[in-house]
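Comments concern the structure below.
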Amino acid sequence: MQSLPNKIANRIKRIRQIPIEKNYQKELPENHQAEDVFLVSYPKSGNTWLRFLIANALKVHYKIEREVNFFTVHDIIPSLTFSRNLRNEGPFGRTDLPRIIKSHSGYNPYYQRVIFMVRDPRDVLISYYHYLKSFGAIPNNWTISELIRDRKFGTEAWNQHTKGWYVSNKEGQNIQLFYYEEFIKNPQANLDRLMDILGIKMTEEELQEAIKLSSKENMRKSEEAHRSTYVIKTQETRFVRKGEAAGGKSLNEEDKKYVEDATREVAQLIGYNF
């Protein structure tokens with residue numbers, strides 16, 4: 001992108017043809033491009049809302065007529081969860097924009113440009129529990145107490161994912177950290193910063209319109225309208241839940257203490273204090 005500093009742009013060009021180690025390849029598009037921008041997060045940390053915000057910001061800025069909804073967002077900003085076979089063009093088929101790709105991958109040194117979204121682990125695990133239950137990904141009789149202590153889905157998995165992206169980065173990687181809670185408090189400032197990283201200068205009016213289009217209310221309407229699509233047809237409950245920053249208030253005291261004790265070291269590393 002023209003707005004990238006020359007030093008970074010030249011470095012990107014040099015690494016275009018780096019051979020990819022097999023253990024990282026499965027979390028890359030089949031036609032990986034060094035300019036790709038990855039929206040990375042642990043599940044249920046605000047990644048889908050982020051996709052809506054960015055897609056609507058681009059829609060408003062470039063005056064694109066296409067609606068951003070739960071069906072089209074997977075084409076505009078694709079997810080590696082569904083396919084590694086991605087088209088070469090950027091969002092809305094534009095060739096002047098890098099591809100923006102959602103990923104829940106653990107640390108990957110071949111992700112050169114990363115927007116890393118984090119969220120309070122107490123709220124993450126509550127939301128993840130309901131999400132996994134809605135898909136039948138965990139036993140129906142599981143309680144949240146079991147989920148938070150599970151090695152695959154609970155605190156240990158959150159620690160490993162978050163610490164990996166925050167601590168492990170190699171020369172040439174550009175990893176930008178964003179907080180879900182800060183996006184809730186001041187979406188305009190955070191979206192403005194994010195779009196600036198992408199090299200796009202937004203007006204105040206454009207930012208406000210993109211945020212309005214991406215409101216939780218509009219996302220819920222979109223989810224209901226497109227519930228029959230392949231993307232969300234297997235869910236028994238809403239994908240868009242409260243999305244609040246509550247510090248795990250719905251956990252009982254024992255479970256809340258467990259999550260806080262288990263994640264405190266990594267959480268403090270990225271700026272959370274509890």
Quiz item: Is a side-chain N or O of K256 found less than 3.5 angstrom from the main chain of L251, in a donor-acceptor match?
Solution: no
Quiz item: What pairs of residues pass the salt bridge (charged side-chain N to carboxylate O under 4.0 Å, His left out) test when at least one of them lies in residues 72-86, not counting sequence neighbours?
Solution: R66-D75, D75-R87
Quiz item: Between V266 and W158, does a side-chain contact (heavy atoms from CB on, under 4.5 Å) hold up when you go through it step by step?
Solution: CA-CA 9 Å; V266 176; W158 184 89; 3.8 Å; yes
Quiz item: More than 12 non-hydrogen atoms from neighbouring residues, nucleotides or ligands closer than 6.0 Å to CD on E182, yes or no?
Solution: yes
Practice problem: Taking R122 for its side chain and K249 for its backbone only, find out whether a donor-acceptor pair lies under 3.5 Å. | Solution: no
Exercise. Determine whether the side chains of E253 and Y258 contain a donor N or O and an acceptor N or O closer than 3.5 Å.
Key: no
Exercise. Could you tell me whether the side chain of N108 and the main chain of Y24 form a donor-acceptor pair under 3.5 Å?
Key: yes
Practice problem: Kindly state whether the ring of Y110 and the ring of H32 have centres lying under 6.0 angstrom apart. | Solution: no
Would you mind writing out the side-chain donor-acceptor pairs for residues 88-95 within the sub-3.5 Å range, not counting sequence neighbours?
from, atom 1, to, atom 2, distance (Å)
N88, OD1, N31, ND2, 2.7
N88, OD1, Q33, NE2, 3.4
R94, NE, D96, OD1, 3.0
R94, NH2, D96, OD2, 2.8

Quiz item: I138 versus Y129: any side-chain heavy-atom pair under 4.5 Å?
Solution: yes
Quiz item: So how far is it from I54 CD1 to L50 CG, rounded to the nearest 0.5 Å?
Solution: 4.0 Å
Self-check item: Heavy-atom donor-acceptor pair, K59 side chain to V68 backbone, under 3.5 Å
Solution: no
Quiz item: Parallel, tilted or perpendicular for W165 and Y107, by the 30°/60° rule?
Solution: perpendicular
Quiz item: To the nearest 0.5 Å, what is the distance between OG1 (T263) and CD (Q268)?
Solution: 9.0 Å
Quiz item: At their closest point, which heavy atom of K257 faces which heavy atom of D261, and how far apart are they?
Solution: NZ-OD2, 2.6 Å
Quiz prompt | NZ/NE/NH1/NH2 to OD/OE distance under 4.0 Å, R149 and D255 | solution = yes
Quiz item: Does F274 reach the side chain of P121, with side-chain heavy atoms less than 4.5 Å apart?
Solution: yes
Quiz item: Has the side chain of T72 got a donor or acceptor atom that lies under 3.5 Å from a matching backbone atom of E67?
Solution: yes
Self-check item: Residue pair Y131 / P43, side-chain heavy-atom distance below 4.5 Å
Solution: no
Practice problem: State which residues pass side-chain contact (heavy atoms from CB on, under 4.5 Å) with H61; sequence neighbours excluded, sorted by chain then number. | Solution: I200, M202, E206
Quiz item: Going by heavy atoms in the side chains, are N69 and V73 under 4.5 Å from each other?
Solution: no
Self-check item: Sidechain N-carboxylate O distance under 4.0 Å for R113, D36
Solution: no
Practice problem: Only counting residues at least two apart or in another chain, list the ones meeting side-chain contact (heavy atoms from CB on, under 4.5 Å) with E181. | Solution: R119, D120, Y179, A245, Y272
Quiz item: If you take all heavy atoms of P98 and V37, which pair is closest and at what distance?
Solution: CG-CG2, 4.0 Å
Self-check item: F70 ring center within less than 6.0 Å of F52 ring center
Solution: yes
Quiz item: With side chains defined as the heavy atoms from C-beta onward, is the minimum distance between L53 and F183 less than 4.5 Å?
Solution: yes
Quiz item: Hey, what do you get for CH2 (W49) to OG (S41), rounding to the nearest 0.5 Å?
Solution: 13.0 Å
Quiz item: Are any of the side-chain heavy atoms of E204 and Q208 separated by less than 4.5 Å?
Solution: yes
Quiz item: So with a 6.0 Å cut-off around CD of E30, is the heavy-atom count from everything else above 12?
Solution: yes
Practice problem: Classify the ring geometry between Y128 and Y42 as parallel (under 30°), tilted (30 to 60°) or perpendicular (over 60°). | Solution: perpendicular
Quiz item: Looking at L80, I115, I100, which hits side-chain contact (heavy atoms from CB on, under 4.5 Å) with F38?
Solution: L80
Exercise. Would you indicate whether the side-chain heavy atoms of L125 and I144 approach each other to under 4.5 Å?
Key: no
Self-check item: Donor-acceptor contact below 3.5 Å, side chain Q173 vs main chain Y111
Solution: yes
Quiz item: In terms of hydrophobic clusters joined by side-chain contacts under 4.5 Å, are V60 and L58 together?
Solution: no
Quiz item: In Å, rounded to the nearest 0.5 Å, how long is the span from CD1 of I175 to OG of S168?
Solution: 8.5 Å
Quiz item: When rounded to the nearest 0.5 angstrom, what distance separates OG in S79 from CG in L39?
Solution: 10.0 Å
Practice problem: May I ask you to check whether Q176 and N174 show a side-chain donor-acceptor distance below 3.5 Å? | Solution: yes
Exercise. Please name all residues satisfying side-chain contact (heavy atoms from CB on, under 4.5 Å) with E146, sequence neighbours left out, ordered by chain then number.
Key: W142, T143
Quiz item: For S214 and N56, what are the C-alpha separation, side-chain angles and deciding distance, and is it a side chain to side chain donor-acceptor pair (under 3.5 Å)?
Solution: CA-CA 7 Å; S214 307; N56 277 313; 2.9 Å; yes
Quiz item: Can you name the nearest heavy-atom pair linking Q112 to G172, along with the distance?
Solution: OE1-O, 3.4 Å
Practice problem: Locate the shortest heavy-atom distance separating L86 from P78; write the atom from each residue and the value. | Solution: CD2-CB, 3.8 Å
Quiz prompt | pair V118-F178: side-chain heavy atoms closer than 4.5 Å | solution = no
Quiz item: Which heavy atom of I126 sits nearest a heavy atom of G248, and at what distance?
Solution: CD1-CA, 3.6 Å
Practice problem: Quick one: pull up CD1 in I148 and CD in E254 and give me the separation to the nearest 0.5 Å. | Solution: 8.0 Å
Exercise. Determine, stepwise, if the pair K102 / T48 fulfils side-chain contact (heavy atoms from CB on, under 4.5 Å).
Key: CA-CA 8 Å; K102 174 185 176 180; T48 297; 3.4 Å; yes
Practice problem: Please answer: with hydrophobic residues joined when any side-chain heavy atoms are less than 4.5 Å apart, are L213 and L207 in the same cluster? | Solution: no
Exercise. Can you tell me which residue pairs pass the salt bridge (charged side-chain N to carboxylate O under 4.0 Å, His left out) test with a partner in residues 151-162, sequence neighbours excluded?
Key: R151-E156
